[in-house]
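Read through the structure below, which is laid out as structure tokens, and then see the notes.
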Amino acid sequence: MKKKDIDVLKHELVPEHVVMDDKEAERIMREYMVSKAQLPKIKESDSAAKQIGAKSGDIIKVIRKSQTADRFVSYRITIK
Amino acid sequence: MTSLKRIGRIKFGLLAPKEIRRMSVVKVITADTYDDDGFPIDMGLMDQRLGVIDPGLRCKTCGNRPGACPGHMGHIELAAPVVHVGYTKLIKKILLSICKGENCGRVKLTEKEKKEFLNRMEEFRENDRPITPIVEEMFKTSAKVMECPHCGEEQIEIKFEKPTSYYEGDHKLMPAEIRKRFEKIPDEDIPLFGMDVNVARPEWMMLRVLPVPPVTARPSITLESGQRSEDDLTHKLVDILRINQRFQENREAGAPQLIIEDLLELLQYHVTTFFDNAVSGVPSARHRSGRPLKTLSQRLKGKEGRFRGSLSGKRVNFSARTVISPEPNLSINEVGVPKAIAEELTLPVVVTERNIEEMRECVRRGPKHPGANYLRRIDGRRIKITEQNAEEVAETIEYGCRVDRHLKDGDIVLFNRQPSLHRMSIMAHRVKVMPHRTFRINPAVCPPYNADFDGDEMNLHVCQTEEARAEALLLMDVQRNILSPRFGGPIIGGIHDLITGMYILTRRGKMFDENSALELLRKTDIRKLPEPAELIDGVPYWNGKQIFSQILPPGLNLTFNAKICYNCDKCRGVDCERDAYVVIRDSQLLHGVMDEAAVGAFKGKVLDRVVKEYPNETARKFIDDMSHLAIRSIMSEGFSFGIDDEDIPKDAKIQIDEAVELANQKIHKLVDAYENDELEPLPGRSLDETLEMKIMQELGRARDETGRTAERFMGKDNSAVVMAVSGARGSMLNLTQMAACVGQQSVRGERIHRGYIGRTLPHFRRNDLGADAHGFVASSYKTGLNPTEFFFHAIGGREGLVDTAVRTSKSGYFQRRMINALQDLEVKYDGTVRETHGGLVQFMYGEDGVDPSKSDYGKAVNVKRIVEAVVGDEKGAGRV
Ligand SMILES: [Mg+2]
Ligand SMILES: [Zn+2]
Ligand SMILES: [Zn+2]
Ligand SMILES: [Zn+2]
């Protein structure tokens with residue numbers, strides 16, 4: 001199997017990643033009162049980011065399983 | 001009141017030679033410090049313009065006396081530049097990245113590459129990201145270029161040799177040469193190194209001028225003999241000046257190159273050790289006595305250094321330290337303070353209309369407890385109150401005076417035990433002044449401090465202001481910290497004898513007449529007893545469960561299995577023959593005993609419910625009453641443990657020996673089967689591994705069997721058994737080892753195999769696979785071990801010791817790093833966790849936003865409990 005054929009998102013330990021559209025991203029930044037620089041970061045070269053085609057500046061929504069909260073949503077800003 | 005100012009930003013740069021000269025008040029040229037009359041020599045290291053430390057003198061720069069004069073910097077003009085040790089790596093990187101060309105000195109990058117790097121740095125800066133990785137990449141890229149893209153000059157490989165030498169091919173680069181090269185680097189190239197041209201030029205890393213710290217930073221001390229002893233820094237500066245002078249003289253006299261180079265090397269050595277006397281590859285400079293000198297870097301670094309020793313950690317006034325000892329009659333929020341300490345520690349009280357008489361009485365008593373040590377009058381004069389002047393001073397007292405009165409009962413103090421690993425390591429207690437010389441605490445507060453009474457010492461701090469006391473009470477009061485944020489359960493509660501006491505009070509069969517019942521409850525404020533359980537010959541009797549029920553807060557319902565429960569396959573509930581099924585209805589203990597699972601710290605379910613469902617004050621009262629009652633109970637019953645409590649009857653001994661013998665036989669069979677190739681390997685195991693596992697299993701079984709035998713013969717009233725089953729101290733395993741059989745000794749989970757070829761000790765035959773030959777200890781601690789057993793036991797014991805030693809040091813360092821990394825994070829009002837710049841770390845604290853100290857063992861709500869409380873399920877009400 002070639003490297004390209006692996007979809008890391010299908011792995012059990014990799015949480016769901018979604019690129020958010022500008023309107024939604026705007027809403028998140030207002031909700032948490034943060035600038036883009038204050039968000040947690042993810043590299044453009046990150047396997048999960050590559051998989052969903054996120055580009056520098058995009059905000060990615062990460063939905064993961066949580067021990068305490070069952071399901072937990074967090075956001076990351078894509079950087080170079 | 002001085003107004004506070006905020007530091008907006010800090011910028012780091014290099015000191016330019018010009019800057020050093022500008023801030024200098026003296027050019028130091030002579031290595032001599034004092035003349036024959038003991039007077040500081042002009043332009044020497046003790047020049048009076050550098051500040052004064054001797055009383056009676058005035059500073060020649062600022063005119064102030066010692067103490068008021070802050071000290072002033074001087075400088076030394078070095079005869080030749082030397083490398084600053086702190087920058088050797090950076091000097092190497094810059095040397096590698098620039099062109100050696102006579103008229104070039106530019107960074108070996110094309111304009112396009114340069115622009116690209118600079119742009120990326122700018123972008124990173126805008127996004128608040130560290131630019132270090134880009135700078136590193138730049139150094140790597142430019143170092144590889146062997147032909148200058150600007151002037152075409154061929155480059156020669158440069159090597160750095162620790163600690164401060166640079167070689168270009170075979171030629172040694174002198175600091176002066178390096179300095180010349182760096183001077184040629186154009187300003188526009190500097191940002192590529194991650195430097196800011198406005199505050200730093202690379203050539204400043206080669207020192208031509210050395211700043212001389214003021215005298216106040218290196219004071220000399222006068223010994224008893226009248227001799228002066230200089231500070232280590234002064235010694236080092238003397239060395240530098242001497243060599244500097246010799247170097248200059250030799251150069252001017254036209255000495256041979258070799259000598260000049262040697263002297264330069266020496267100058268470099270002295271300047272290096274002046275900055276840091278622990279550079280690898282540099283022999284440390286030593287005092288005449290052989291002690292290594294403490295130079296600049298040693299003053300700052302490490303545990304006793306300026307940062308960790310003087311700034312983050314300080315010694316404070318209004319504090320005391322002494323040994324702790326137990327006093328179960330105290331409340332958990334009290335601390336017994338020795339009278340001698342109470343007479344030394346004070347609290348400022350301003351005299352008002354309402355307290356003037358009380359304060360006058362304090363002053364009148366003076367240094368005798370409850371008195372006062374100082375009086376500050378309205379004019380600001382402070383008077384020490386002594387026995388002689390007490391009466392006199394007491395008369396002068398008036399409104400607005402401040403009396404430093406002794407600590408007395410009820411004062412709020414902070415109590416602390418190191419290491420302070422969590423917030424419960426410092427809590428607020430109320431003072432109780434007591435005779436003797438130790439701090440006294442209720443043993444129920446030992447767990448949060450992790451204290452015991454084998455010589456532990458603790459610190460006490462007296463809050464000096466009303467605000468401090470209010471804050472201490474609101475946040476740090478002991479009863480507010482019964483629940484640990486670590487696991488959401490009680491961390492304060494019964495331990496050791498408190499659990500034993502509760503257990504023997506509440507187990508079946510004990511009856512008390514009115515007198516003894518009230519005697520047990522003496523320290524609580526219960527004075528009325530309920531309906532007696534029984535009348536014998538017309539005399540009323542109460543059982544232990546009833547007496548315990550009196551201290552429970554009203555309206556408590558609870559059902560659970562006690563610690564003594566055997567987890568029988570089919571629980572008989574209320575009819576449990578061991579009385580392990582606890583039922584509390586409307587605050588009456590109907591069935592079961594109170595043991596570790598009921599009132600113990602960490603695990604106590606009754607305790608847990610009381611803390612979570614009643615006010616803190618009620619919970620505190622419950623723990624207090626519980627410890628008072630438990631101690632009275634254990635004292636009236638009498639409880640001790642000695643060597644003869646480990647005695648077992650002859651029959652038991654025979655049974656134990658039989659069990660061991662049986663195991664030996666089974667092992668024999670196993671070994672026979674192994675040698676005859678009849679042993680079936682376990683899945684995934686080799687034949688050898690299978691044999692070992694089976695033998696271990698057999699021996700483990702044998703030990704457990706002997707333990708059960710011993711337990712059966714010792715009976716449940718044996719002190720050790722009582723402590724083990726109630727969870728007070730020790731385990732059945734400890735007991736087994738003491739009375740029956742110590743069992744298999746192991747290293748890394750395996751039997752002991754190391755030693756001679758084919759055997760562990762010369763006492764055994766080669767290839768003996770039996771129990772004795774590989775560390776099975778059939779003896780008990782009581783009977784004593786035979787020599788081979790003793791040896792194996794020492795091997796096994798050593799592993800445990802090494803493990804704990806390694807664990808404590810590793811975890812201590814890990815804790816330090818964790819705290820350093822996390823200390824500035826804050827949970828904001830919107831539930832997010834952010835660092836100081838507002839950067840988000842967690843979108844919701846702990847992902848569920850629950851404060852674990854307000855939770856039920858980590859869960860936000862105990863749904864079952866709520867449902868039962870509302871529905872009022874009769875059968876399982878309050879079942880945990
Ligand atoms: Mg101790
Ligand atoms: Zn001065
Ligand atoms: Zn060049
Ligand atoms: Zn049971």
Side-chain angles (χ1 to χ4, degrees), chain A residues 9 11-50 52-80, chain B residues 116-138 485-489 821-822 824-863:
Chain A
L9 292 174
H11 194 281
E12 170 167 298
L13 293 176
V14 178
E16 193 183 337
H17 288 63
V18 187
V19 181
M20 301 213 295
D21 61 45
D22 288 351
K23 233 174 89 188
E24 221 180 336
E26 188 61 38
R27 187 182 62 75
I28 289 305
M29 281 166 57
R30 234 181 303 116
E31 185 185 327
Y32 287 99
M33 292 195 286
V34 284
S35 64
K36 280 193 172 180
Q38 288 173 326
L39 284 171
K41 293 159 184 65
I42 185 170
K43 277 206 166 185
E44 216 174 57
S45 56
D46 184 283
S47 303
K50 268 200 280 190
I52 56 170
K55 288 280 158 289
S56 172
D58 287 349
I59 293 181
I60 295 179
K61 183 184 200 174
V62 184
I63 305 146
R64 55 176 100 243
K65 281 185 225 152
S66 161
Q67 271 190 29
T68 52
D70 199 33
R71 200 186 88 109
F72 185 67
V73 183
S74 68
Y75 306 90
R76 278 164 187 274
I77 177 88
T78 319
I79 55 166
K80 275 227 177 68
Chain B
E116 216 169 64
F117 276 119
L118 288 175
N119 283 342
R120 271 172 61 199
M121 285 182 199
E122 193 47 44
E123 194 190 315
F124 268 50
R125 266 203 203 93
E126 270 170 26
N127 290 318
D128 269 339
R129 291 174 66 185
I131 57 162
T132 1
I134 306 171
V135 175
E136 287 306 314
E137 198 189 324
M138 192 288 298
R486 196 170 76 211
F487 54 89
L822 300 176
D824 295 319
L825 301 188
E826 208 177 308
V827 182
K828 300 289 180 184
Y829 283 105
D830 64 353
T832 59
V833 180
R834 298 181 192 227
E835 35 96 308
T836 38
H837 300 287
L840 268 165
V841 177
Q842 268 184 350
F843 285 82
M844 178 58 70
Y845 170 71
E847 302 195 340
D848 58 359
V850 170
D851 174 356
S853 67
K854 305 244 165 30
S855 72
D856 197 272
Y857 285 96
K859 291 273 181 305
V861 279
N862 186 339
V863 180

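- Counting non-hydrogen atoms of other residues, nucleotides and ligands closer than 6.0 Å to NZ of B:K859 gives a total of 12 or fewer.
- Within the model, atoms OG1 of A:T68 and OH of B:Y845 stand 10.0 Å from one another, a figure rounded to the nearest 0.5 Å.
- Of the two parts of A:R64, only the side chain, counted from C-beta on, holds a non-hydrogen atom closer than 4.5 Å to a non-hydrogen atom of chain B.
- B:E116 CD: 12 or fewer foreign heavy atoms inside a 6.0 Å radius.
- Between chain A and the residues B:E835, B:R834, B:H837, the largest count of heavy-atom pairs under 4.5 Å involves B:R834.
- For the pair B:F843 and A:V73, the tightest heavy-atom approach, listed with the atom from each and the gap, is CB-O, 4.3 Å.
- Using a 4.5 Å cut-off between heavy atoms, B:R129 contacts chain A through its side chain alone, with no backbone atom that close.
- The parts of A:Y32 that come within reach of chain B are both its backbone and its side chain, each placing non-hydrogen atoms under 4.5 angstrom from that chain.
- For a residue to count as touching a neighbouring chain, one of its non-hydrogen atoms must lie under 4.5 Å from one of that chain's; by this rule A:K36 does not touch chain B.
- Evaluation of the side-chain contact (heavy atoms from CB on, under 4.5 Å) rule for B:V850 yields B:D848, B:S855, B:A860 as partners, not counting sequence neighbours.
- For B:E123, the part lying near chain A is the side chain, with the backbone staying farther off; criterion is any non-hydrogen pair under 4.5 Å.
- No donor-acceptor pair closer than 3.5 Å links the side chain of A:S66 to the backbone N or O of B:E847.
- Heavy-atom pairs under 4.5 Å with chain B peak, among A:M33, A:K80, A:Q38, at A:Q38.
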